[in-house]
Number of protein chains: 2
Amino acid sequence: MKQKITLKHIARELEVSISTVSKALKNSDEISDDTKEKVQAFAKLYNYKPNNIAVSLKNKRTKNIGVVIPDIVHHFFTTVFRGIEKYANEQGYNVIICVSDESFDKEVINMEMLNNGSIDGFIMSLSAETQQKNDITHLKQVVDQGTPLVLFDRVTDELECDKVILNDQEIAYEATKKLLKEGRKRIALATTESYFNVSEKRADGYRQALNEYGMEVDNDLVLVLPYNDIQESMIEDFYDRAKVDAILSVNEIFAIQCISVAKKRGMKIPEDISFIGFTDGLLSRYSNPTLTVVAQHGVKMGEIAAKMLIDRVESEAEGSIEDTYRTEIVQATILDRESTIN
Amino acid sequence: MKQKITLKHIARELEVSISTVSKALKNSDEISDDTKEKVQAFAKLYNYKPNNIAVSLKNKRTKNIGVVIPDIVHHFFTTVFRGIEKYANEQGYNVIICVSDESFDKEVINMEMLNNGSIDGFIMSLSAETQQKNDITHLKQVVDQGTPLVLFDRVTDELECDKVILNDQEIAYEATKKLLKEGRKRIALATTESYFNVSEKRADGYRQALNEYGMEVDNDLVLVLPYNDIQESMIEDFYDRAKVDAILSVNEIFAIQCISVAKKRGMKIPEDISFIGFTDGLLSRYSNPTLTVVAQHGVKMGEIAAKMLIDRVESEAEGSIEDTYRTEIVQATILDRESTIN
DNA sequence: TTGTAAGCGTTATCAG
DNA sequence: CTGATAACGCTTACAA
């Protein structure tokens with residue numbers, strides 16, 4: 001195992017001082033061309049690379065971004081992450097990722113783990129449990145310590161920081177209106193059991209559209225499903241008790257499962273019933289019929305979040321005036337596919 | 001922005017030396033109970049946490065693992081990553097992730113970015129391009145420098161290092177035999193256009209089973225598809241020119257698409273044609289019919305890879321004898337679902 | 001043009 | 001029991 005080469009080695013070998021080597025490698029004009037050449041040649045030969053850790057300690061900048069998300073085996077978060085990673089790498093930043101697994105405790109532990117110098121800032125989306133408890137002291141602490149933080153998608157109003165969100169309510173409103181325009185009279189909403197601010201906002205948009213069309217919001221038309229372990233019988237029961245001719249679903253899994261049960265019951269899609277789901281994942285693309293979806297543009301969200309964070313990190317480093325926090329809104333779009341009439 | 005508190009601050013405040021503080025916080029018995037109490041109370045009050053970067057510099061250990069994978073928006077890699085992250089976090093390690101995007105250059109850049117002190121070791125799966133070029137000098141360099149490296153899934157025989165792989169050939173053989181036992185006579189293989197060692201091994205298992213049943217391997221029965229942008233017509237053409245009654249697919253997307261086209265052609269599944277695909281992702285679970293798959297147990301692979309890496313990192317730190325490199329084989333299993341006769 | 005020295009925050013050795 | 005000092009690898013005033 002060859003030891004990694006350091007400035008000290010080069011200095012010793014070339015019989016110059018460490019600072020001379022350091023400057024020579026930075027092409028400083030304090031150093032003679034001769035020496036520079038000699039040092040640079042030697043460094044290249046031995047493939048010298050400055051030790052990141054030492055540089056970080058000196059600069060008090062790590063060029064690492066901490067990402068804390070509830071789940072990685074989930075298409076939306078995956079795409080956001082992709083966007084973060086893409087932009088960050090372009091800017092020479094690495095991404096350290098921690099998964100909270102929808103658990104408050106894991107979220108806290110992970111953030112503490114990272115917030116001791118390992119990272120320059122956080123990008124995160126709140127875990128289900130955190131949203132439920134509505135306890136964000138760990139976030140406040142991070143912000144208080146001066147660590148930049150960007151929240152995306154699952155955000156909270158209780159914290160002042162940069163945020164990136166989707167126009168959830170508006171697009172849910174648009175999606176519902178699309179169904180209304182198809183002539184649907186009994187539009188259901190399939191939503192999550194646990195509390196997510198985004199589900200809430202989507203429900204708001206749904207209600208808004210119905211109201212606008214002078215329709216009452218019928219609670220029988222709201223199908224609440226658990227995050228995991230969905231039993232088909234739940235959906236069966238729903239179809240039994242509520243006559244529906246369209247479903248807006250807050251995610252694609254619920255939509256796909258509702259479609260599946262509908263097909264088994266002999267309902268024709270989109271003639272008898274039409275579907276729109278949130279999230280443009282694999283399922284909606286390859287299902288039969290393909291699912292009309294609300295595309296959340298995760299990659300874009302990720303890029304924006306990363307840009308916001310890095311901008312802030314770098315402006316703080318330069319000691320420039322902190323402008324106030326911003327909330328960027330990504331515009332979702334509806335992708336028409338076979339589960340609706342177009 | 002409150003400054004992060006350091007040993008120095010505590011020392012100054014309490015009018016003791018830095019080393020006393022350091023020892024007191026470590027509960028060293030060199031320090032009087034009085035002092036320890038005082039220091040610890042103060043530290044807790046001000047929420048002192050040692051600076052990771054400084055500790056890393058001192059120890060020459062970062063407690064960071066670098067993961068380099070071809071793609072994150074891909075169920076298999078996502079699950080492996082989940083396993084890595086899980087085990088690593090349990091052991092107090094963070095995971096830094098870089099995506100090579102199937103590109104050789106990005107793989108090289110990412111690894112250089114990380115291999116300058118940021119991480120204690122690598123876990124990676126080769127990009128498509130790297131496998132194609134078969135150029136692994138960047139890996140050799142890493143290993144030469146003494147950085148532990150664990151390869152998983154897409155590995156290479158050209159490099160001596162720890163590896164975690166699936167019993168690809170064997171399970172493809174089993175899967176094919178399952179189809180043969182159903183009485184299938186014209187079993188096709190749907191595989192990738194670009195070269196992956198795993199696709200190759202799966203093809204070997206497929207051929208082996210056919211041979212065992214005294215059947216010739218008919219090249220007309222091999223459907224080669226591109227990684228992206230699959231046109232339905234390719235599959236249409238395939239069905240036109242080759243009469244098939246079963247398809248083994250090296251991934252789930254190909255299988256789902258073949259199913260979709262088969263259904264459109266009025267073929268009954270699994271009566272007329274049956275399907276098995278690699279990867280137990282969402283698609284196979286929610287497709288119609290559900291897809292019988294080879295489960296690759298990604299989470300387990302990830303955990304094993306992380307364990308191998310961390311074991312090696314820690315044994316090197318202790319200077320213990322390096323045993324030779326190991327290759328762990330994860331046993332895949334076949335999950336029977338509706339696309340085969342069970 | 002080159003080198004010395006201090007410092008980033010810790011830990012560990014050794015003296016007091 | 002406590003503290004000074006050196007070291008990890010690098011950068012950067014400031015001397016020479």
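Naming convention: chains lettered A, B, ... in sequence-line order (proteins, then strands); numbering from 1 in each chain. The analysis underlying the following values was restricted to heavy atoms, covering all of them including side chains, and did not include hydrogens, waters or symmetry mates.
In this entry the distance linking CG of A:Asn52 with P of D:dC10 reads 10 Å, nearest Å. Between the C1' atom of D:dC10 and the CD1 atom of A:Ile5 lies a distance of 15 Å, rounded to the nearest Å. One atom, CD of B:Glu30, and another, C1' of D:dA4, lie 13 Å apart when rounded to the nearest Å. Per the geometry, CG belonging to B:Leu14 stands 11 Å off P belonging to D:dG3, to the nearest Å. We find that CG of A:Leu7 is positioned 12 Å from P of D:dC8, with the value rounded to whole Å. With rounding to whole Å, A:His9 atom NE2 is found 12 Å from D:dC8 atom C1'. The distance from atom NZ of B:Lys8 to atom P of D:dA4 is 14 Å, rounded to the nearest whole Å. What separates CD1 of B:Ile18 from C1' of D:dG3 is a distance of 10 Å, to the nearest Å.
Among the heavy atoms of the strands lying under 4.0 Å from A:Lys23 is at least one base atom, whether or not backbone atoms are also near. Within 4.0 Å of A:Ser22, counting heavy atoms only, lies at least one base atom of the nucleic acid. Base engagement by A:Ser19 is indicated by at least one non-hydrogen atom pair under 4.0 Å involving a base atom. B:Lys58 comes within contact range of at least one nucleobase, with a heavy-atom separation under 4.0 Å.
Along DNA chain C, read 5' to 3', the first and last nucleotides having any atom under 4.0 Å from a heavy atom of chain B are C:dC8 to C:dC14.
The pair B:Arg154-B:Glu102 counts as a salt bridge, with a side-chain nitrogen and a carboxylate oxygen less than 4.0 angstrom apart.
Within a 6.0 Å radius of NZ in A:Lys49, more than 12 heavy atoms belonging to other residues, nucleotides or ligands are found. The neighbour count for B:Glu160 CD, taken as heavy atoms of other residues, nucleotides or ligands under 6.0 Å away, does not exceed 12.
B:Asn116 and B:Glu112 share no side-chain donor-acceptor pair at under 3.5 Å. Using a 3.5 Å distance cut-off with no hydrogens or angles, the side chains of A:Ser125 and A:Asp153 do not pair a donor with an acceptor.
Residues A:Tyr46 and A:Phe42 bring their aromatic ring centres within 6.0 Å. For an aromatic pair to be called close, the ring centres must be under 6.0 Å apart, and B:His138 with B:Phe104 satisfies this.
Of all the residues in residues 31-51 of chain A, A:Tyr48, A:Pro50, A:Asn51 reach under 4.0 Å from DNA chain D with at least one non-hydrogen atom.
Put simply, A:Lys26 has a side-chain N or O that comes within less than 4.0 Å of OP1 or OP2 on D:dT11.
DNA chain D is contacted by both B:Ser17 and B:Leu57; B:Ser17 maps to the nucleotide lying nearer its 5′ end (nearest heavy atom per residue).
Residues B:Lys140 and B:Leu159 are in side-chain contact: their nearest non-hydrogen atoms beyond the backbone lie under 4.5 Å apart.
Of the possible polar contacts, one joining the B:Thr78 side chain to the B:Ile72 backbone as a donor-acceptor pair under 3.5 Å is found.
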